[in-house]
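Here is the structure we will look at, set down as C-alpha cells.
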Amino acid sequence: MAIAVGIDVGGTSTKLGAVTRDGQILSKSRFTTRDFPDETAFLVALSNHIDQLVADLGQEGEILGIGIGAPKANFFTGVVEGAVNLLWNSPVDLRGYLQNYFNVPVIVTNDANLAAVGEKEFGAARHMNNFLSVTIGTGLGCGIYMSGALVHGQNDVAGELGHTSAKVGGRECQCGKKGCLEAYVSAKGIVRTAMKLLSKYEEDSSLRSIPAGQLSPTVIGQEALRGDKMALLVLEFTGDILGYKLADMVAMFNPEAIFLAGGVANAGPLLLEPTLESIKKYLYSTYPDPIVLLPSALKDDEMAVLGGGALVWEHLENQMVIVN
Ligand SMILES: [Zn+2]
C-alpha cells in the first residue's frame, strides 16, 4: 500500500500518520515535542517514529513522500527557524534531514497551511480553487488557497491573519503588538473575553461556577449550546471581531468559501452565524458574491496529519517545482 506520511510538529506534541490517497489514516502515532529540546535528538526520534509507522503497515507499506507542517517552517527552504514555541536554538533543516534519511520527496510548510491543503484534498473544498481556511486553536492560523494553489508568499509566511490588527491599542498579543486578532480569537483570547464579560455583567451564568484554569473555548461552546446567555455573548463578541477581519479577507481575495476549523468551531452555528453577520456588516455593500462560511469537514484531531499527507499527494500529482 502506497502511503504519504503526514506530520504536524506542534509546540506540545508532534503527531504523524500514514495517509492513503483517499484520505484514510492507516496508522498514527505521537510524541512530546518538548522531550527533545535538542534538534538532532528530535530528528532522530521523528525518523524512528516514521520507521515504526511504516513497519506497522507490514511488508507492503511503501512511503511515497513526507509532508510536514511546523511553526515558522519555510516551504522554499525546508527549514524551521525562529519558532518561539519550539525550543530549538538553531535553524532545523527538516527537509534536508528527512530527504536524506528516507530518500523520498519531503514537503515542508507553515503549520497554518495544513488545514487548507487538507480541506482541498480530503475535505469540503475538493471542488474549489479559491478558498480560505481559518484555524482557531492556541493561535489563529489562516491558509489561503487561490487559483488552485496554496499562497506561500516570499518566505511562506503569507496568511498571518492572527497578527493583523483588529483593534488599535487593544489587548496585548504574545507577538509584542497590541490589538492583534489572535489576542481576541484564539483559545486564550476567547477565555479572556469570557473573564471580561463575566466581570462586567452580573448576569447569572454557569461559566461562573467553572474553576479558573478550566475555562476553555470548548467549555464555553458547550455552555452556549445549552443556552447560557454569557457563553452566547462570548461567541457573539468573538464572531463580531473575527467577521470584521474576515470582511477584509473577502474583499481582498473574493473566496468561494471560508472554512472555520479548530475546537471552538465545534460551537457550529453559534459562532458561524455572528461571524457571517459581521462579515456582511463590515464588507462593502456592493460586493457581488454570496459569502459562504462553513465548518471544516475534517475532524479536529485528524486535520493536521491529513494536511501533511495532502501536501505529498498534491506534490506528486502537480510535480511542483520547489525553488530554493
Ligand atoms: Zn500578534
Side-chain angles (χ1 to χ4, degrees), residues 69 71-76 109-137 139-167 173 175 177 179-186 189 238-262 264-265 271-298 303-304 307 310-311 314 318 320:
K72 299 278 184 225
N74 185 323
F75 175 78
F76 303 102
T109 194
N110 188 329
D111 54 356
N113 288 331
L114 291 182
V117 70
E119 203 73 53
K120 171 66 185 169
E121 289 296 320
F122 306 128
R126 280 178 218 225
H127 305 294
M128 295 183 188
N129 285 318
N130 301 289
F131 67 91
L132 308 174
S133 167
V134 176
T135 309
I136 305 165
L140 183 141
C142 178
I144 302 169
Y145 207 99
M146 283 290 133
S147 305
L150 267 178
V151 174
H152 293 283
Q154 178 68 13
N155 294 304
D156 204 14
V157 292
E160 269 295 7
L161 180 63
H163 298 291
T164 60
S165 295
K167 210 165 198 176
C173 180
C175 75
K177 268 181 64 187
C180 288
L181 182 62
E182 186 172 297
Y184 297 86
V185 188
S186 64
T238 305
D240 188 69
I241 202 155
L242 176 60
Y244 174 64
K245 294 304 297 184
L246 289 182
D248 289 349
M249 297 297 278
V250 170
M252 285 194 282
F253 292 104
N254 181 214
E256 186 176 347
I258 302 172
F259 295 94
L260 281 195
V264 69
L271 178 66
L272 289 170
E273 278 170 15
T275 307
L276 184 60
E277 282 311 304
S278 171
I279 296 174
K280 289 177 183 167
K281 184 167 73 179
Y282 294 113
L283 187 61
Y284 65 97
S285 62
T286 53
Y287 181 77
D289 292 330
I291 300 147
V292 181
L293 184 66
L294 298 168
S296 168
L298 306 177
M303 189 171 62
L311 278 174
E314 200 171 72
N318 298 343
M320 291 184 296

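Note that this is a predicted model, so its numbers are computed, not measured. Values below: all heavy atoms of this structure, side chains included; hydrogens, waters and symmetry mates excluded.
How far NZ of Lys167 is from CD1 of Ile241: 5.5 Å, rounded to the nearest 0.5 Å. Considering CE of Met128 and CG of Leu294, their distance stands at 6.0 Å, rounded to 0.5 Å.
Minimum heavy-atom separation, Ile136 to Ser186: CG2-CA, 3.9 Å. The heavy-atom pair separating Cys180 from Gly162 by the smallest distance is CB-O, 3.4 Å. Looking at every heavy atom in both residues, Gly141 comes nearest to Ala112 through CA-CB, 3.9 Å.
Scored by the side-chain contact (heavy atoms from CB on, under 4.5 Å) test, Ala149 finds no partners at all (sequence neighbours excluded). Under the rule for a side chain to side chain donor-acceptor pair (under 3.5 Å), the partners of Tyr145 that lie at least two apart in sequence or sit in another chain are Glu314. Residues satisfying the side-chain contact (heavy atoms from CB on, under 4.5 Å) criterion with Asn130, sequence neighbours excluded, are Met146, Ser147. Partners of Phe122 by ring-ring contact (aromatic ring centres under 6.0 Å, His included), not counting sequence neighbours: none found. The side chain to side chain donor-acceptor pair (under 3.5 Å) search around Asn110 returns none, not counting sequence neighbours. Taking the salt bridge (charged side-chain N to carboxylate O under 4.0 Å, His left out) definition, one finds that Glu182 meets it with nothing, sequence neighbours left out. Thr109 pairs by the side chain to side chain donor-acceptor pair (under 3.5 Å) definition with Asn113, Asp156, not counting sequence neighbours. By the side-chain contact (heavy atoms from CB on, under 4.5 Å) test, Thr238 pairs with Val185, Ile190, Val234, Leu271, sequence neighbours left out. Applying the side-chain contact (heavy atoms from CB on, under 4.5 Å) test to Pro71 and every residue at least two apart in sequence or in another chain returns Ala83, Asn85, Leu86, Asp111.
Applying the side-chain hydrogen bond (donor to acceptor under 3.5 Å, both in side chains) test to pairs two or more places apart or on separate chains, those with a residue in residues 272-286 are Asp240-Lys281.
Phe259 and Phe131 have perpendicular rings, their planes meeting at more than 60° on a 0 to 90° scale where under 30° would count as parallel.
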Please tabulate, for the side chains in residues 242-258, all donor-acceptor contacts under 3.5 angstrom to protein atoms that are two or more places apart in sequence or on a different chain.
| residue | atom | partner | partner atom | Å |
| --- | --- | --- | --- | --- |
| Lys245 | NZ | Ser165 | O | 2.8 |
| Asn254 | ND2 | Tyr287 | OH | 2.8 |
| Asn254 | ND2 | Asp289 | OD2 | 3.0 |

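Residue Leu132 forms a side-chain contact (heavy atoms from CB on, under 4.5 Å) with just one option from Leu260, Val151, Ile144, Leu293, and that option is Ile144.
For the pair Glu119 and Leu298, the minimum side-chain heavy-atom distance is below 4.5 Å.
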